[in-house]
Amino acid sequence: MAATKKKGGHASLQGKKPLNTAKVKRSVSNNPGHIKNKLKRSEIYGKYLLEKKAKKRQTRIQREKEAEALGEEAPTKQAPRTLDNTRESEVTTVQPDDEEILADEAEDEFAPYFSDEIRPKILLTTRPMPSGELFHFIADLMRFIPQLYYYPRKSYSVKEICQFGANRKFTHLIVLSEKSKVCNGMLISHIRPSTAANGLGGPTAFFKVSNVIPSSDVPNNGSATSHVPELNLHGFTTRLGHRAGRFLGSLFPHNAQFQGRQVATFHNQRDFIFVRHHRYVFQEGNLVNKETGKKKTKARLQELGPRFTMKMRWLQEGTFDTQFGEYEWMHKRKEMDTTRRKFHL
(Lines give C-alpha, C1' and ligand atoms only; values in the text may rest on other atoms or scores of the structure.)
Protein backbone atom coordinates (compact mmCIF):
# COMPACT_ATOMS: atom_id res chain seq x y z
CA MET A 1 0.00 0.00 0.00
CA ALA A 2 1.42 3.36 -1.02
CA ALA A 3 2.32 5.75 1.78
CA THR A 4 -0.25 8.50 2.11
CA LYS A 5 1.00 12.09 2.05
CA LYS A 6 0.29 14.40 4.95
CA LYS A 7 -2.53 16.76 4.05
CA GLY A 8 -2.08 20.47 4.03
CA GLY A 9 1.61 20.76 3.19
CA HIS A 10 3.66 23.65 4.67
CA ALA A 11 2.22 25.64 7.55
CA SER A 12 2.48 28.92 5.62
CA LEU A 13 0.13 27.49 2.93
CA GLN A 14 -2.54 26.87 5.58
CA GLY A 15 -2.48 30.47 6.85
CA LYS A 16 -0.74 29.43 10.06
CA LYS A 17 2.25 31.10 11.68
CA PRO A 18 5.32 28.95 10.97
CA LEU A 19 7.26 27.69 13.99
CA ASN A 20 10.45 29.53 14.90
CA THR A 21 13.01 26.75 14.66
CA ALA A 22 16.04 29.07 14.90
CA LYS A 23 17.63 28.99 18.35
CA VAL A 24 17.57 32.76 19.07
CA LYS A 25 17.78 33.89 22.73
CA ARG A 26 14.86 36.19 23.41
CA SER A 27 14.85 38.81 26.14
CA VAL A 28 12.59 37.94 29.03
CA SER A 29 9.60 40.20 29.59
CA ASN A 30 9.63 42.18 32.81
CA ASN A 31 5.89 41.78 33.24
CA PRO A 32 4.96 38.09 33.30
CA GLY A 33 1.58 38.86 34.87
CA HIS A 34 -0.30 37.30 31.95
CA ILE A 35 1.14 33.85 32.82
CA LYS A 36 -1.44 32.05 34.92
CA ASN A 37 0.85 29.33 36.24
CA LYS A 38 2.44 30.66 39.44
CA LEU A 39 5.61 28.53 39.22
CA LYS A 40 6.20 29.46 35.58
CA ARG A 41 5.51 33.13 36.30
CA SER A 42 8.04 33.24 39.15
CA GLU A 43 10.57 31.38 36.99
CA ILE A 44 10.21 33.89 34.14
CA TYR A 45 10.50 36.85 36.51
CA GLY A 46 13.61 35.33 38.12
CA LYS A 47 15.20 35.03 34.67
CA TYR A 48 14.33 38.67 34.00
CA LEU A 49 16.05 39.80 37.20
CA LEU A 50 19.19 37.79 36.37
CA GLU A 51 19.26 39.24 32.86
CA LYS A 52 18.83 42.76 34.24
CA LYS A 53 21.67 42.24 36.73
CA ALA A 54 24.00 40.89 34.01
CA LYS A 55 23.18 43.83 31.72
CA LYS A 56 23.85 46.31 34.53
CA ARG A 57 27.19 44.65 35.30
CA GLN A 58 28.17 44.71 31.62
CA THR A 59 27.32 48.43 31.41
CA ARG A 60 29.39 49.16 34.52
CA ILE A 61 32.43 47.26 33.16
CA GLN A 62 32.14 49.11 29.83
CA ARG A 63 31.91 52.47 31.64
CA GLU A 64 35.01 51.66 33.74
CA LYS A 65 36.97 50.74 30.60
CA GLU A 66 35.99 54.01 28.91
CA ALA A 67 36.96 56.01 32.02
CA GLU A 68 40.32 54.25 32.19
CA ALA A 69 41.00 54.97 28.51
CA LEU A 70 40.06 58.66 28.80
CA GLY A 71 42.07 59.17 32.01
CA GLU A 72 41.64 62.66 33.47
CA GLU A 73 39.23 63.64 30.69
CA ALA A 74 36.73 61.01 31.85
CA PRO A 75 33.30 62.43 32.75
CA THR A 76 32.40 62.66 36.43
CA LYS A 77 30.45 59.80 37.95
CA GLN A 78 26.72 60.42 37.87
CA ALA A 79 24.99 60.61 41.24
CA PRO A 80 22.24 58.01 41.65
CA ARG A 81 18.67 59.27 41.56
CA THR A 82 17.09 59.13 45.00
CA LEU A 83 13.93 60.50 46.59
CA ASP A 84 16.08 63.06 48.42
CA ASN A 85 17.86 64.60 45.42
CA THR A 86 14.75 64.48 43.22
CA ARG A 87 12.35 65.93 45.82
CA GLU A 88 9.83 68.52 44.69
CA SER A 89 10.77 72.09 45.55
CA GLU A 90 8.98 73.46 48.60
CA VAL A 91 7.86 77.12 48.60
CA THR A 92 8.75 77.54 52.29
CA THR A 93 12.34 76.25 51.99
CA VAL A 94 14.58 78.38 54.22
CA GLN A 95 17.92 79.78 53.01
CA PRO A 96 20.76 79.84 55.58
CA ASP A 97 21.18 83.64 55.40
CA ASP A 98 17.48 84.59 55.39
CA GLU A 99 17.33 87.66 57.66
CA GLU A 100 13.55 87.49 58.09
CA ILE A 101 13.71 83.91 59.40
CA LEU A 102 16.62 84.74 61.71
CA ALA A 103 14.67 87.70 63.12
CA ASP A 104 11.57 85.55 63.71
CA GLU A 105 13.58 82.81 65.44
CA ALA A 106 15.27 85.39 67.68
CA GLU A 107 11.84 86.28 69.12
CA ASP A 108 9.98 82.96 69.15
CA GLU A 109 9.06 80.76 72.14
CA PHE A 110 12.31 78.78 71.94
CA ALA A 111 14.79 81.67 71.72
CA PRO A 112 15.46 81.79 75.53
CA TYR A 113 16.47 78.09 75.44
CA PHE A 114 18.84 78.46 72.50
CA SER A 115 20.48 81.53 74.09
CA ASP A 116 20.79 79.59 77.38
CA GLU A 117 18.76 82.17 79.31
CA ILE A 118 16.39 79.42 80.48
CA ARG A 119 17.21 75.77 81.18
CA PRO A 120 14.41 73.31 80.31
CA LYS A 121 12.74 71.29 83.04
CA ILE A 122 10.57 68.49 81.63
CA LEU A 123 7.70 66.55 83.12
CA LEU A 124 7.27 63.05 81.69
CA THR A 125 4.18 60.88 82.07
CA THR A 126 2.37 58.11 80.21
CA ARG A 127 -1.08 57.02 79.16
CA PRO A 128 -3.31 55.68 81.97
CA MET A 129 -2.31 52.20 83.16
CA PRO A 130 0.97 51.76 81.22
CA SER A 131 2.61 48.37 80.77
CA GLY A 132 5.81 47.44 82.57
CA GLU A 133 7.74 47.32 79.27
CA LEU A 134 7.20 51.05 78.71
CA PHE A 135 9.28 51.86 81.80
CA HIS A 136 12.43 50.54 80.08
CA PHE A 137 11.94 53.23 77.41
CA ILE A 138 11.26 55.84 80.11
CA ALA A 139 14.55 54.94 81.82
CA ASP A 140 16.39 55.35 78.50
CA LEU A 141 14.78 58.76 77.93
CA MET A 142 15.79 59.90 81.42
CA ARG A 143 19.43 59.05 80.60
CA PHE A 144 19.09 60.73 77.19
CA ILE A 145 17.40 64.05 78.10
CA PRO A 146 18.76 66.04 81.09
CA GLN A 147 16.34 67.45 83.68
CA LEU A 148 13.60 64.92 82.85
CA TYR A 149 11.28 63.97 85.74
CA TYR A 150 8.76 61.13 85.65
CA TYR A 151 5.35 61.45 87.34
CA PRO A 152 2.74 58.64 87.27
CA ARG A 153 -0.36 59.50 85.23
CA LYS A 154 -3.01 58.15 87.65
CA SER A 155 -6.46 59.46 86.59
CA TYR A 156 -5.52 63.04 85.65
CA SER A 157 -6.31 64.51 82.23
CA VAL A 158 -3.59 66.03 80.05
CA LYS A 159 -5.00 69.55 80.59
CA GLU A 160 -4.81 69.07 84.38
CA ILE A 161 -1.22 67.83 84.08
CA CYS A 162 -0.32 70.90 81.96
CA GLN A 163 -1.65 73.15 84.73
CA PHE A 164 0.16 71.10 87.38
CA GLY A 165 3.46 71.38 85.49
CA ALA A 166 3.14 75.12 84.82
CA ASN A 167 2.49 75.75 88.54
CA ARG A 168 5.71 73.89 89.43
CA LYS A 169 7.90 75.74 86.92
CA PHE A 170 8.17 72.91 84.39
CA THR A 171 8.81 74.13 80.85
CA HIS A 172 7.73 71.05 78.82
CA LEU A 173 5.38 68.10 79.13
CA ILE A 174 5.92 64.75 77.39
CA VAL A 175 3.15 62.13 77.32
CA LEU A 176 3.97 58.66 75.98
CA SER A 177 1.39 56.34 74.44
CA GLU A 178 1.86 52.67 73.60
CA LYS A 179 0.44 49.76 71.67
CA SER A 180 1.27 46.10 72.29
CA LYS A 181 3.67 47.16 75.10
CA VAL A 182 5.76 49.29 72.68
CA CYS A 183 5.81 53.10 72.61
CA ASN A 184 4.00 54.31 69.48
CA GLY A 185 3.33 58.00 70.17
CA MET A 186 4.81 61.03 71.91
CA LEU A 187 2.91 64.21 72.77
CA ILE A 188 5.20 67.18 73.52
CA SER A 189 3.76 70.42 74.88
CA HIS A 190 5.58 73.63 75.76
CA ILE A 191 3.75 74.69 78.95
CA ARG A 192 5.87 77.65 80.03
CA PRO A 193 4.10 80.99 79.33
CA SER A 194 6.03 83.20 76.90
CA THR A 195 5.61 86.66 75.39
CA ALA A 196 5.80 85.18 71.86
CA ALA A 197 2.63 83.19 72.66
CA ASN A 198 0.82 86.20 74.19
CA GLY A 199 1.64 85.14 77.72
CA LEU A 200 0.38 81.60 77.17
CA GLY A 201 2.10 78.27 76.65
CA GLY A 202 2.53 76.34 73.44
CA PRO A 203 3.00 75.02 70.91
CA THR A 204 2.00 71.36 71.25
CA ALA A 205 2.98 68.63 68.80
CA PHE A 206 2.18 64.96 68.41
CA PHE A 207 4.78 62.59 66.96
CA LYS A 208 4.21 59.02 65.83
CA VAL A 209 7.00 56.85 67.29
CA SER A 210 8.31 53.70 65.60
CA ASN A 211 11.34 51.38 65.46
CA VAL A 212 12.06 51.71 69.19
CA ILE A 213 15.28 49.95 70.18
CA PRO A 214 16.21 50.22 73.88
CA SER A 215 19.79 50.92 74.94
CA SER A 216 20.31 47.33 76.06
CA ASP A 217 19.58 46.04 72.52
CA VAL A 218 21.89 48.49 70.69
CA PRO A 219 24.99 46.59 69.42
CA ASN A 220 28.21 47.49 71.29
CA ASN A 221 26.39 50.15 73.28
CA GLY A 222 28.06 52.32 75.89
CA SER A 223 26.70 53.76 79.13
CA ALA A 224 25.47 57.35 79.10
CA THR A 225 26.85 59.73 81.73
CA SER A 226 25.16 62.70 83.37
CA HIS A 227 26.97 65.21 81.13
CA VAL A 228 24.84 67.58 79.04
CA PRO A 229 25.14 66.39 75.41
CA GLU A 230 25.85 68.49 72.35
CA LEU A 231 22.84 68.94 70.07
CA ASN A 232 22.81 68.11 66.36
CA LEU A 233 19.69 69.17 64.40
CA HIS A 234 20.07 68.13 60.77
CA GLY A 235 17.88 68.14 57.67
CA PHE A 236 15.18 70.62 58.76
CA THR A 237 14.97 72.83 55.66
CA THR A 238 11.46 74.36 55.54
CA ARG A 239 9.70 76.88 57.79
CA LEU A 240 7.74 74.06 59.40
CA GLY A 241 10.92 71.97 59.67
CA HIS A 242 12.76 74.81 61.43
CA ARG A 243 9.89 75.15 63.91
CA ALA A 244 9.80 71.40 64.60
CA GLY A 245 13.60 71.24 64.93
CA ARG A 246 13.73 74.18 67.34
CA PHE A 247 10.89 72.64 69.36
CA LEU A 248 12.86 69.40 69.79
CA GLY A 249 16.05 71.39 70.42
CA SER A 250 14.37 73.28 73.28
CA LEU A 251 14.18 70.01 75.25
CA PHE A 252 17.96 70.13 75.83
CA PRO A 253 20.07 72.66 77.79
CA HIS A 254 22.40 74.63 75.53
CA ASN A 255 25.42 74.58 77.82
CA ALA A 256 26.98 71.39 76.43
CA GLN A 257 29.60 69.76 78.66
CA PHE A 258 32.17 68.79 76.06
CA GLN A 259 34.21 66.62 78.44
CA GLY A 260 31.36 64.07 78.26
CA ARG A 261 31.81 63.81 74.45
CA GLN A 262 28.10 62.97 74.04
CA VAL A 263 25.92 64.02 71.10
CA ALA A 264 22.11 63.97 70.78
CA THR A 265 21.09 63.85 67.11
CA PHE A 266 17.74 64.59 65.46
CA HIS A 267 18.22 63.80 61.78
CA ASN A 268 15.29 64.59 59.47
CA GLN A 269 15.10 62.57 56.26
CA ARG A 270 11.92 62.37 54.15
CA ASP A 271 9.90 63.74 57.12
CA PHE A 272 11.10 60.91 59.39
CA ILE A 273 13.13 62.20 62.35
CA PHE A 274 15.78 59.67 63.39
CA VAL A 275 16.83 60.05 67.04
CA ARG A 276 20.28 58.83 68.08
CA HIS A 277 22.56 59.21 71.10
CA HIS A 278 26.33 58.82 70.58
CA ARG A 279 29.66 59.31 72.29
CA TYR A 280 32.69 60.13 70.16
CA VAL A 281 35.85 58.26 71.14
CA PHE A 282 39.47 59.16 70.32
CA GLN A 283 41.98 56.34 69.97
CA GLU A 284 45.35 55.60 68.39
CA GLY A 285 45.27 54.42 64.81
CA ASN A 286 47.67 52.18 62.87
CA LEU A 287 49.03 54.95 60.62
CA VAL A 288 52.15 56.83 61.78
CA ASN A 289 52.73 60.56 61.30
CA LYS A 290 55.99 60.91 59.32
CA GLU A 291 56.86 64.31 60.86
CA THR A 292 56.38 63.44 64.53
CA GLY A 293 56.84 59.66 64.37
CA LYS A 294 53.76 59.17 66.55
CA LYS A 295 50.65 57.20 65.69
CA LYS A 296 47.79 59.25 64.29
CA THR A 297 44.70 59.68 66.44
CA LYS A 298 41.40 58.65 64.89
CA ALA A 299 37.84 59.25 66.06
CA ARG A 300 34.92 56.85 66.08
CA LEU A 301 31.36 56.86 67.37
CA GLN A 302 29.93 54.64 70.07
CA GLU A 303 26.14 54.50 70.24
CA LEU A 304 24.62 54.84 73.69
CA GLY A 305 20.91 54.46 72.92
CA PRO A 306 17.99 54.60 72.83
CA ARG A 307 17.25 54.50 69.12
CA PHE A 308 13.83 55.45 67.68
CA THR A 309 12.09 57.26 64.81
CA MET A 310 9.53 60.07 65.01
CA LYS A 311 7.08 61.48 62.47
CA MET A 312 5.10 64.63 63.22
CA ARG A 313 1.33 64.30 62.80
CA TRP A 314 0.14 67.71 63.95
CA LEU A 315 1.29 70.98 65.50
CA GLN A 316 -1.11 72.99 67.64
CA GLU A 317 -1.02 76.53 69.03
CA GLY A 318 -1.03 76.82 72.81
CA THR A 319 -1.05 73.94 75.27
CA PHE A 320 -2.93 70.69 74.67
CA ASP A 321 -6.58 71.37 73.78
CA THR A 322 -8.37 69.01 71.40
CA GLN A 323 -11.70 70.84 71.67
CA PHE A 324 -10.84 74.51 71.08
CA GLY A 325 -7.16 74.42 70.07
CA GLU A 326 -6.11 75.87 66.70
CA TYR A 327 -3.79 73.78 64.57
CA GLU A 328 -0.75 75.36 62.91
CA TRP A 329 -0.27 72.25 60.78
CA MET A 330 -1.87 68.82 60.44
CA HIS A 331 -0.76 65.95 58.27
CA LYS A 332 -3.58 64.90 55.92
CA ARG A 333 -2.53 61.83 54.01
CA LYS A 334 -5.03 61.96 51.13
CA GLU A 335 -4.40 65.65 50.40
CA MET A 336 -0.66 65.88 51.11
CA ASP A 337 0.76 62.48 50.15
CA THR A 338 -0.07 62.81 46.44
CA THR A 339 3.54 62.06 45.46
CA ARG A 340 6.45 60.31 47.14
CA ARG A 341 8.79 63.20 46.31
CA LYS A 342 7.07 65.90 48.37
CA PHE A 343 8.28 66.47 51.93
CA HIS A 344 7.11 69.01 54.50
CA LEU A 345 9.99 69.28 57.00
Side-chain angles (χ1 to χ4, degrees), residues 102-126 137-152 158 161-176 186-207 215 223-234 236 241-267 273 275-280 304-306 308 310 312 315-320:
L102 294 174
D104 287 347
E105 290 179 352
E107 297 176 355
D108 67 0
E109 303 95 329
F110 314 120
Y113 302 102
F114 279 80
S115 62
D116 200 29
E117 295 175 19
I118 298 173
R119 304 277 170 80
K121 183 183 175 185
I122 304 159
L123 189 156
L124 173 67
T125 189
T126 63
F137 184 58
I138 291 171
D140 283 340
L141 285 179
M142 294 182 75
R143 285 188 289 267
F144 178 46
I145 304 174
Q147 296 295 309
L148 187 69
Y149 301 90
Y150 170 72
Y151 283 75
V158 176
I161 296 171
C162 286
Q163 189 61 47
F164 170 86
N167 293 340
R168 284 157 181 78
K169 305 300 181 184
F170 283 96
T171 59
H172 297 75
L173 168 68
I174 297 178
V175 182
L176 301 178
M186 184 182 292
L187 176 81
I188 305 177
S189 183
H190 180 243
I191 57 178
R192 176 186 168 272
S194 62
T195 54
N198 298 320
L200 303 173
T204 301
F206 178 75
F207 296 88
S215 299
S223 298
T225 60
S226 59
H227 295 92
V228 177
E230 301 172 53
L231 185 63
N232 179 19
L233 301 172
H234 184 263
F236 299 94
H242 268 236
R243 188 149 176 78
R246 287 175 65 81
F247 193 5
L248 294 172
S250 68
L251 296 172
F252 290 81
H254 286 260
N255 61 328
Q257 296 171 339
F258 298 103
Q259 64 269 29
R261 306 191 311 279
Q262 294 182 160
V263 184
T265 302
F266 293 88
H267 173 75
I273 303 170
V275 184
R276 299 291 184 269
H277 189 201
H278 289 95
R279 175 185 293 119
Y280 47 93
L304 308 177
F308 57 98
M310 306 168 70
M312 190 163 76
L315 182 68
Q316 187 185 72
E317 291 182 1
T319 54
F320 179 80

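We're numbering straight along the sequence, starting at 1.
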>> For a quick test of reading the model, state the closest non-hydrogen atom pair linking Ile145 to Ile122 and the distance between them.
In response: CG2-CD1, 3.6 Å
> Is Arg119 positioned over the aromatic face of Tyr113, cation under 6.0 angstrom from the ring centre and no more than 45 degrees off axis?
Replying inline: no
> Is there a side chain to side chain contact (heavy atoms under 4.5 Å, CB included) between Val263 and His277 once you walk through the steps?
Replying inline: CA-CA 6 Å; Val263 184; His277 189 201; over 6 Å; no
>> Could you measure the distance from the OG1 atom of Thr171 to the CG atom of Leu251? Nearest 0.5 Å is fine.
In response: 8.0 Å
> Can you find a pair of side-chain heavy atoms, one from Phe252 and one from Val228, that are under 4.5 Å apart?
Replying inline: no
>> Any non-hydrogen side-chain atom of Leu315 less than 4.5 Å from a side-chain atom of Arg243?
In response: yes
>> Any non-hydrogen side-chain atom of Glu230 less than 4.5 Å from a side-chain atom of Gln262?
In response: no
> What heavy-atom pair brings Phe207 and Ile188 nearest, and what distance separates the two atoms?
Replying inline: CE1-CD1, 3.9 Å
> Using the benzene-type ring in the case of Trp, are the ring centres of Phe266 and Phe236 under 6.0 Å apart?
Replying inline: no
> Between Arg279 (side chain) and Arg261 (backbone), is there a donor-acceptor pair under 3.5 Å?
Replying inline: no
> Given side chains that start at C-beta, do those of Phe144 and Pro146 come closer than 4.5 Å, heavy atoms only?
Replying inline: no
> Can you list the steps and then say if Met312 with Phe206 is a side chain to side chain contact (heavy atoms under 4.5 Å, CB included)?
Replying inline: CA-CA 6 Å; Met312 190 163 76; Phe206 178 75; over 6 Å; no
>> Using the rule given for side chain to side chain donor-acceptor pair (under 3.5 Å), can you reason through His242 versus Glu105, listing the C-alpha separation, both sets of side-chain angles and the distance that settles it, and then say yes or no?
In response: CA-CA 9 Å; His242 268 236; Glu105 290 179 352; 2.7 Å; yes
>> Once rounded to the nearest 0.5 Å, what's the spacing between atom CG of Leu200 and atom NE2 of His190?
In response: 11.5 Å
>> Tell me if a side-chain donor or acceptor on Asn167 pairs with a main-chain N or O of Gln163 at a distance below 3.5 Å.
In response: yes
> Which atom names give the shortest non-hydrogen contact between Gly305 and Ser215, and what distance separates them?
Replying inline: C-OG, 3.3 Å
> Do any pairs count as a salt bridge (Lys or Arg N to Asp or Glu O under 4.0 Å) and have a residue in residues 140-150, sequence neighbours left out, and if so which ones?
Replying inline: Asp140-Arg143
>> If you apply the rule ring-ring contact (aromatic ring centres under 6.0 Å, His included), what do you find for Phe170 with Phe164, and how did you get there?
In response: CA-CA 9 Å; Phe170 283 96; Phe164 170 86; 7.1 Å; no
>> Using every non-hydrogen atom in the two residues, find where His172 and Ile191 come nearest and quote the distance to one decimal.
In response: N-CG1, 3.9 Å
> Can you find a heavy atom in the side chain of Leu141 that is under 4.5 Å from one in the side chain of Phe308?
Replying inline: yes
> Just wondering, do Pro203 and Phe110 contact through their side chains at under 4.5 Å, heavy atoms?
Replying inline: yes
>> Which heavy atom of Ser189 sits nearest to which heavy atom of Thr204, and what is that distance?
In response: OG-OG1, 2.9 Å
> Of all heavy-atom pairs between Leu248 and Met310, which one has the smallest distance, and what is that distance?
Replying inline: CD2-CE, 4.1 Å
> Out of Leu173, Val158, Leu187, Leu176, which one pairs with Thr125 under the side-chain contact (heavy atoms from CB on, under 4.5 Å) rule?
Replying inline: Leu173
> Would you say Arg192 and Ser194 make side-chain contact, with heavy atoms under 4.5 Å?
Replying inline: yes
>> Checking Tyr149 now: which residues fulfil side chain to side chain donor-acceptor pair (under 3.5 Å) with it, not counting sequence neighbours?
In response: Gln147
>> For a 4.5 angstrom cut-off between non-hydrogen side-chain atoms, does Ile161 reach Leu123?
In response: yes
> Angle class for the His267/His234 ring planes (parallel below 30°, perpendicular above 60°, tilted otherwise)?
Replying inline: parallel
> By salt bridge (charged side-chain N to carboxylate O under 4.0 Å, His left out), which residues pair with Arg168, not counting sequence neighbours?
Replying inline: none
> Is a donor on one side and an acceptor on the other found under 3.5 Å between the side chain of His254 and the backbone of Leu231?
Replying inline: no
> How far does CD1 of Ile174 sit from CG of Leu124, to the nearest 0.5 angstrom?
Replying inline: 6.0 Å
